[in-house]
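Below you'll find the structure, written out as structure tokens, and then a few comments.
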2 protein chains.
Amino acid sequence: MAPNDGLSRLVSRTQPRYRTAAEFVETTLREAILTGVIAPGTPLRQEELADTFGVSRMPVREALRQLEARALAEFHPHRGAVVAEISAADGADIGAIRMALEPMALRLSLPALTAADLDQAEELIAEMDGEADPGRMGELNRRFHMTLYARAGRPRLLALAEQHLLAADRYLRFQFAALGYLPRSQDEHRALLAACREGDADTACRLVAEHVGQAAEQLAAFLSAREAG
Amino acid sequence: MAPNDGLSRLVSRTQPRYRTAAEFVETTLREAILTGVIAPGTPLRQEELADTFGVSRMPVREALRQLEARALAEFHPHRGAVVAEISAADGADIGAIRMALEPMALRLSLPALTAADLDQAEELIAEMDGEADPGRMGELNRRFHMTLYARAGRPRLLALAEQHLLAADRYLRFQFAALGYLPRSQDEHRALLAACREGDADTACRLVAEHVGQAAEQLAAFLSAREAG
DNA sequence: TGTCAGGATATTGGATCCAATCTATCACCG
DNA sequence: CGGTGATAGATTGGATCCAATATCCTGACA
């Protein structure tokens, strides 16, 4: 039960009552994959998961299919599913998608941002300053970005953006040697927030694109270095 | 069997041998939903689908879960799934996402486009001129766009872009009163292609964004009019 | 007559069982 | 000694069966 230890802990501290077992399994598994509790390449054995979750194999199968559709698991017929791998090419894809989506989200959201939104974003920057834990760091960063996009009034666009923010986090979690990225990232956050406060949409969009691009470049460099070595 | 007539036809002319029944059902159902063979809001009864496909309910359930993850079906616990509805808000979301993704895809692809690619795009424009069938029209339009993006070297970005092109097509299929959109759209196609031939990335990206925006605006107007009346 | 309670029915959700297929091991042969 | 083929085990894919839940209809009562 060693490889499932982290997952078991996630399962056991499950508070909310899900309406179906499949939903429970899917949500928990997705969380586990995105937060790195289950490493890329790990086989997802149906019976093993069924035992861990205390259900039969069927809801597990439904959950795995959903994860496949979200590109978080890879299916090989009659051989089972594994947690989706992380490649340098995928990292570049995620970066490009973020660079496309997030400026659009910000441009739509910016005119509708309230003072409270901007204050909350500033709060999140401050919290990040004192944060050491990578996992929590990723969450704060994600919330900062999503706070700025929240007023876009385009739920599907936001969901897609958040999904790729989470995917980027997942990549970062397996890196995060590059802690040196932090200070510069925080400077970029502050500059971005300032542009938002001034309502300067063009500058803000440019800044967020550059900011995301920075992260993507670092990530791509790290991943291709890892693949080479 | 009246409401399944179109689906039955799709099922019966299935040539390729799928590796699993679930894959077969998912692919065929997705095609049917995206091409409008099954209308939005249609209930997806598991047993009925199982009969239509000649399989048991289980692969159908797995397929439905995948469609749910792709936002093509909506699940209501213990009440079943229905084909995802089409709302004006969703149309606006799709449009915004396309406006974000496609200029990015074009910018990455443009420097690597070959003369053959550009010729094929021109060929597709010509084919569209003489096309009356809406379904085929949508396919040609999609291929034109994807041809221009194909050299981006970002498979996940391209898959996401194509997915939303398909979604937009799905919306258009339920409209397409607006056949008047055609000539202007073709002019935009030609202008876009010209910019690509000249290698003018900035102009090309601006044109594709405007072009997609045009389509999105028309769609949104149509949908909100339909919702109002 | 309208509303609410209760039961019948249909449909989904979950468990178990069987079949298909892949993997690994081992014997056998060149 | 290395490679190939067969066989056993493990694991998934698919079908059937049972339980849980929602819907709908009916009927009693205010």
Side-chain angles (χ1 to χ4, degrees), chain A residues 1-4 7 11 14 16-30 33 38-39 41-85, chain B residues 1-4 7 11 14 16-30 33 38-39 41-85:
Chain A
M1 187 133 314
N4 271 7
L7 182 58
V11 171
T14 288
R17 273 288 165 268
Y18 295 94
R19 289 170 302 180
T20 67
E23 189 185 340
F24 165 50
V25 175
E26 197 270 337
T27 305
T28 310
L29 258 186
R30 186 178 51 194
I33 294 175
I38 316 182
T42 307
L44 296 165
R45 304 243 165 274
Q46 297 177 4
E47 195 128 19
E48 186 180 337
L49 292 171
D51 288 345
T52 307
F53 284 96
V55 298
S56 84
R57 271 177 50 210
M58 164 135 353
V60 172
R61 279 163 68 171
E62 292 186 34
L64 290 178
R65 287 292 179 187
Q66 287 183 290
L67 295 176
E68 185 201 17
R70 292 181 189 277
L72 292 177
E74 294 166 7
F75 259 78
H76 304 275
H78 295 104
R79 292 197 312 169
V82 298
V83 176
E85 288 284 357
Chain B
M1 185 117 332
N4 270 8
L7 182 57
V11 172
T14 287
R17 272 289 164 270
Y18 294 94
R19 289 169 301 180
T20 68
E23 187 185 342
F24 165 49
V25 175
E26 197 270 337
T27 305
T28 310
L29 258 186
R30 186 178 53 194
I33 293 175
I38 315 182
T42 307
L44 296 164
R45 304 242 165 275
Q46 296 176 3
E47 195 129 19
E48 187 180 335
L49 291 172
D51 288 346
T52 307
F53 284 96
V55 299
S56 85
R57 270 178 53 212
M58 163 129 1
V60 172
R61 279 163 68 172
E62 292 187 32
L64 290 178
R65 287 292 179 187
Q66 288 183 289
L67 295 176
E68 186 201 17
R70 292 181 189 276
L72 293 176
E74 294 167 7
F75 260 78
H76 303 276
H78 295 105
R79 292 198 314 171
V82 299
V83 176
E85 288 284 359

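Order of the sequence lines sets the chain letters (A, B, ...), proteins ahead of strands, with each chain counted from 1.
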(message) Using a strict threshold of under 4.0 Å (side-chain N to carboxylate O), is an ion pair present between A:Glu62 and A:Arg65?
(response) no
(request) Any chance you could measure A:Leu29, atom CG, to A:Ile38, atom CD1, to the nearest 0.5 Å? (result) 5.0 Å
(request) Measure the CZ-CG distance between A:Arg57 and A:Leu49 for me, rounded to the nearest 0.5 Å. (result) 11.0 Å
(request) Using the test side chain to side chain contact (heavy atoms under 4.5 Å, CB included), find all partners of B:Arg79 that sit at least two apart in sequence or belong to another chain. (result) B:His76
(request) Using a 4.0 Å heavy-atom cut-off, write out nucleotides 8-19 of chain D from 5' to 3' as B (base contacted by protein), S (sugar-phosphate only) or - (no contact). (result) ---SBBBB----
(message) Which residue is it: B:Arg19, B:Arg61, B:Arg70? I am looking for the one with a salt bridge (Lys or Arg N to Asp or Glu O under 4.0 Å) to B:Glu26.
(response) B:Arg70
